[in-house]
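Structure, as structure tokens:
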2 protein chains.
Amino acid sequence: MFLDSLRADPAYNEEDIDCYIHVNETIQAIGGRWKMLILWHLQEGGRRYNELRRLIPGVSQKMLTQQLKELEQDGLVERTVFPEMPPRVEYRMTDYGRTLEPIFDIMYEWGVRHRARKQGE
Amino acid sequence: MFLDSLRADPAYNEEDIDCYIHVNETIQAIGGRWKMLILWHLQEGGRRYNELRRLIPGVSQKMLTQQLKELEQDGLVERTVFPEMPPRVEYRMTDYGRTLEPIFDIMYEWGVRHRARKQGE
DNA sequence: CCGCATCCCCAATGATACTG
DNA sequence: CAGTATCATTGGGGATGCGG
């Protein structure tokens with residue numbers, strides 16, 4: 001991906017963007033268009049697939065599935081299939097996912113101030 | 001934009017995604033593909049336009065200009081033109097931009113652990 | 001009910017050429 | 001030096017239909 005192309009460039013300085021790499025890692029994990037909405041709704045407890053669809057108006061099946069899969073691969077969300085008929089799938093936040101909470105908090109605070117600042121202009 | 005469409009939907013619950021709105025505000029401000037690299041290089045002091053181009057291999061003139069403009073509009077970066085010949089333009093981080101530092105720090109820490117975790121799989 | 005596969009579109013990004 | 005203007009590209013995301 002993108003970072004690989006940076007690494008391939010001889011002008012690239014590893015130390016210079018060590019910060020970038022890791023901060024970006026975090027942005028990748030939570031920066032998806034629907035990921036924060038999903039995580040937000042999973043904070044309180046487990047949710048079913050269609051339940052999430054209703055809670056997040058505007059999200060397509062494809063995107064919901066895709067972003068849930070990425071969150072699962074990152075270990076932030078856990079997927080449980082109940083072998084029933086009709087099928088039932090529940091998603092819930094992992095303990096690891098909850099390590100994001102301080103980040104959410106601080107980004108929320110900054111966002112509030114930033115928004116207020118933009119209004120005041 | 002996107003949030004407006006959410007608001008227009010009757011199923012939308014204001015409280016539910018208040019968090020999302022503000023966290024997303026932050027992501028918009030720093031989530032651009034080159035923004036963190038730019039901010040990173042401006043931490044130490046002022047940089048000229050072409051200096052930044054060299055420091056950030058892979059960025060096109062268009063993107064560098066565009067992202068710098070957004071950072072400037074958000075009040076994170078300051079642009080100074082020196083009326084000389086040849087022209088000289090310096091970019092530097094504002095005090096407001098430095099309020100992002102705690103966010104960078106915590107995202108950096110999380111990114112390091114997240115990366116290590118992915119390696120270990 | 002919970003998806004996956006397919007096609008399609010557009011906005012973000014890139015490449016290239018030109019200018020005060 | 002520090003950009004602007006224009007055209008080409010591409011991949012993120014939406015719409016639709018099918019399958020276990």
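Atom set for the values below is all heavy atoms of this structure, side chains included, hydrogens, waters and symmetry mates excluded. Quick note on labels: first sequence line is chain A, next is B, and so on, each numbered from 1. From a predicted model like this one, the values you see are computed outputs, not experimental measurements.
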Side chain of [X] - closest among [options]:
X       : options               : value
B/Met63 : D/dA2, C/dC1, C/dG14  : C/dG14
B/Arg33 : C/dT13, C/dC1, D/dA2  : C/dT13
B/Lys69 : D/dT4, C/dT13, D/dG14 : D/dT4

Quiz prompt | Inter-axis angle, terminal five-pair segments of the helix from C/dC1-D/dG20 to C/dG20-D/dC1 [nearest 10°] | solution = 50°
Would you kindly give the [atom1]-to-[atom2] distance between [X] and [N], to the nearest whole Å?
X       : N      : atom1 : atom2 : answer
A/Arg48 : C/dC1  : CZ    : P     : 8 Å
A/Glu70 : C/dG3  : CD    : P     : 15 Å
A/Gln28 : D/dG11 : CD    : P     : 14 Å
A/Arg79 : C/dC1  : CZ    : P     : 16 Å
B/Arg53 : D/dC1  : CZ    : P     : 10 Å
A/Leu64 : D/dG13 : CG    : C1'   : 14 Å
B/Leu68 : D/dC1  : CG    : P     : 17 Å

Quiz item: Is the phosphate of C/dG3, meaning OP1 or OP2, less than 4.0 Å from a side-chain N or O of A/Tyr91?
Solution: yes
Exercise. Would you tell me if any nitrogen or oxygen in the side chain of B/Trp34 comes within less than 4.0 Å of OP1 or OP2 on C/dG14?
Key: yes
Every protein N/O lying under 3.5 Å from an N/O of nucleotides 16-20 of chain C:
unit_1: C/dA17; atom_1: N6; unit_2: B/Gln61; atom_2: OE1; d: 3.3

Quiz prompt | Heavy-atom donor-acceptor pair, B/Thr26 side chain to A/Trp110 backbone, under 3.5 Å | solution = no
Quiz item: Under a single-linkage definition using a 4.5 Å side-chain heavy-atom cutoff for Ile, Leu, Val, Met, Phe, Trp and Tyr, are A/Val81 and A/Tyr49 assigned to the same hydrophobic cluster?
Solution: yes
Quiz prompt | Basic-acidic side-chain contact under 4.0 Å: B/Arg98, B/Glu101 | solution = yes
Quiz item: Does the distance from a Lys or Arg side-chain N to an Asp or Glu carboxylate O, for A/Glu51 and A/Arg54, drop under 4.0 Å?
Solution: no
Quiz prompt | Closest-nucleotide ordering on DNA chain C, the 5'-leading residue of A/Thr65 and B/Gln66 | solution = A/Thr65
Quiz item: Of B/Gln67 and A/Val89, whose nearest nucleotide on DNA chain C comes first from the 5' end?
Solution: A/Val89
Quiz item: So how far is it from A/Ile38 CD1 to A/Glu70 CD, rounded to the nearest 0.5 Å?
Solution: 9.5 Å
Identify the heavy atoms of [X] and [Y] that sit nearest to each other, and give their distance.
X       : Y       : result
B/Gly31 : A/Ile27 : CA-CD1, 3.9 Å
A/Ile30 : A/Met36 : O-CG, 3.8 Å
A/Leu71 : A/Ala29 : CD2-O, 4.0 Å

Expected list for residues 85-97 of chain A: side-chain donor-acceptor pairs under 3.5 angstrom, two or more places apart:
unit_1: A/Arg88; atom_1: NH1; unit_2: A/Glu84; atom_2: OE2; d: 3.2
unit_1: A/Glu90; atom_1: OE1; unit_2: A/Arg92; atom_2: NH2; d: 3.1
unit_1: A/Tyr91; atom_1: OH; unit_2: A/Arg79; atom_2: NE; d: 3.2
unit_1: A/Thr94; atom_1: OG1; unit_2: A/Gly75; atom_2: O; d: 2.6
unit_1: A/Thr94; atom_1: OG1; unit_2: A/Leu76; atom_2: O; d: 3.2
unit_1: A/Thr94; atom_1: OG1; unit_2: A/Tyr96; atom_2: N; d: 3.4
unit_1: A/Thr94; atom_1: OG1; unit_2: A/Gly97; atom_2: N; d: 2.9
unit_1: A/Tyr96; atom_1: OH; unit_2: B/His114; atom_2: ND1; d: 2.6

